[in-house]
There are 2 protein chains.
Amino acid sequence: MEEIDRRIVTLLAKDGRMSFTDLARETGLSVSAVHQRVRRLEKRGVVRGYTAVIDHDAIGLPLTAFVSIKPIDPAAPDDAPDRLAHLTAIEACHSVAGDESYILKVRVASPVALEDLLQQIRAAANVSTRTTVVLSTPYEHRAPEIAAEAVGHPTA
Amino acid sequence: MEEIDRRIVTLLAKDGRMSFTDLARETGLSVSAVHQRVRRLEKRGVVRGYTAVIDHDAIGLPLTAFVSIKPIDPAAPDDAPDRLAHLTAIEACHSVAGDESYILKVRVASPVALEDLLQQIRAAANVSTRTTVVLSTPYEHRAPEIAAEAVGHPTA
DNA sequence: ACTGAAATGCAGTCACC
DNA sequence: GGTGACTGCATTTCAGT
């Protein structure tokens with residue numbers, strides 16, 4: 001029965017604006033049943049929201065980079081994510097295992113803007129940085145393949 | 001005037017299912033004017049699509065990692081993205097500057113699944129891998145701050 | 001949990017400015 | 001590019017099963 005939730009999530013991952021009518025046709029359920037299920041998936045946090053996929057070239061942020069950071073003072077409390085949250089060029093922040101403590105994904109307008117951003121990151125979080133510039137992106141934001149029996153087990 | 005397109009893109013990045021009626025109220029335009037602009041942004045490729053943001057814990061893919069790959073034979077033609085595209089655990093593939101050639105973002109169910117995936121990656125693309133496991137994600141998918149005068153200059 | 005129907009609101013198109 | 005009106009379809013709710 002949770003097979004249907006999987007289908008719904010997969011379909012919404014591919015097209016976040018798909019109508020309930022279309023979801024109903026694809027799943028073989030009535031419109032109101034699909035409606036109910038989508039709302040439940042949203043409430044459970046399985047579907048966390050909806051977003052437009054933006055072309056960063058077109059909005060003036062053609063340069064993507066991964067910035068790995070490491071604290072200058074390893075004894076200091078680690079609140080780097082909070083200290084960096086105000087920098088809107090940072091799209092994502094992942095705490096990672098390994099030599100460095102976080103990997104940031106950043107989007108900027110130009111090499112100079114990247115230089116400036118790196119200075120702000122170092123100053124705001126008291127970290128050293130190691131930057132890997134993205135040259136091109138063959139693919140991104142691909143929809144996940146959802147395992148059977150995976151949906152509907154709340155993790156929160 | 002392109003200020004309005006910026007607002008529309010920003011609003012849709014935050015809520016990809018926002019109705020044209022709400023977009024019209026937020027921008028001060030009529031519904032049909034907003035409708036026209038959104039369709040134009042989609043056609044220009046500024047808005048590339050819409051997607052649901054999924055909680056990977058809830059769908060049974062709680063383990064995220066970054067996998068950097070390097071060709072075993074640097075002289076061979078580099079078609080790694082094509083050779084890896086069938087692996088649905090790979091969410092993104094970025095060509096990068098630096099010691100390695102690509103950074104992959106992957107989502108799997110467990111450490112064992114990661115081990116298996118790494119073998120598949122090495123076999124499919126004839127590469128060595130270096131893996132950085134994500135421990136937690138303070139934030140991700142943050143909406144970009146769109147620069148003035150950035151929207152409406154087609155890049156294609 | 002799903003269905004079907006009823007009411008409200010939205011999407012999409014049009015003629016016009 | 002913009003508006004306002006119109007049509008049809010989608011969303012949302014609810015009583016019933």
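Just so it is clear, the structure is predicted and the values come from calculations on it, not from any experiment. Side chains are part of it too, since the values below use all heavy atoms of this structure and drop only hydrogens, waters and symmetry mates. In what follows, every chain begins at residue 1, and chains take the letters A, B, ... in the order their sequences are listed.
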Given atom [atom1] of [X] and atom [atom2] of [N], what is their separation to the nearest angstrom?
X: B:E2; N: D:dG2; atom1: CD; atom2: C1'; result: 14 Å
X: A:E3; N: C:dC2; atom1: CD; atom2: P; result: 14 Å
X: A:R40; N: C:dA1; atom1: CZ; atom2: P; result: 5 Å
X: A:R37; N: C:dC2; atom1: CZ; atom2: C1'; result: 9 Å

Pairing residues for A:N126 by the side-chain hydrogen bond (donor to acceptor under 3.5 Å, both in side chains) criterion, not counting sequence neighbours: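 Applying side-chain hydrogen bond (donor to acceptor under 3.5 Å, both in side chains) to A:N126 gives none.
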Under the side-chain hydrogen bond (donor to acceptor under 3.5 Å, both in side chains) test, residues paired with A:D99 that sit two or more places apart: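 With sequence neighbours excluded, A:D99 shows a side-chain hydrogen bond (donor to acceptor under 3.5 Å, both in side chains) to A:K70, given in chain and number order.
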Per the salt bridge (charged side-chain N to carboxylate O under 4.0 Å, His left out) rule, what does the pair list look like for [range], sequence neighbours excluded?
range: residues 118-128 of chain B; result: none
range: residues 130-140 of chain A; result: A:E100-A:R130, A:K105-A:E140, A:R107-A:E140
range: residues 6-18 of chain B; result: B:E3-B:R6, B:R7-B:E26

Helix axis bend for the helix from C:dA1-D:dT17 to C:dC17-D:dG1 - C1'-based end axes, five pairs, 10° rounding: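 Between the axes fitted at each end of the helix from C:dA1-D:dT17 to C:dC17-D:dG1 lies an angle of 30°.
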For the student: nearest non-hydrogen atoms of B:Y102 and B:C93, plus distance: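 So the two residues come closest at CD2-SG, 3.8 Å.
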Qualifying ring pair (Phe, Tyr, Trp, His ring centres under 6.0 Å) pairs, either residue in residues 37-73 of chain A, two or more places apart: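 Those involving residues 37-73 of chain A are A:F66-B:F66, A:F66-B:H94.
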Qualifying ring pair (Phe, Tyr, Trp, His ring centres under 6.0 Å) pairs, either residue in residues 5-38 of chain B, two or more places apart: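 Pairs touching residues 5-38 of chain B that pass the test: B:F20-B:H35.
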Nucleotide-resolved protein contact map, nucleotides 8-15 of chain D, B/S/- at heavy-atom distance under 4.0 Å: --SBBB--
Which nucleotide in D:dG1, C:dA1, D:dT3 has an atom nearest any side-chain atom of B:L29: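 So the nucleotide nearest the side chain must be D:dT3.
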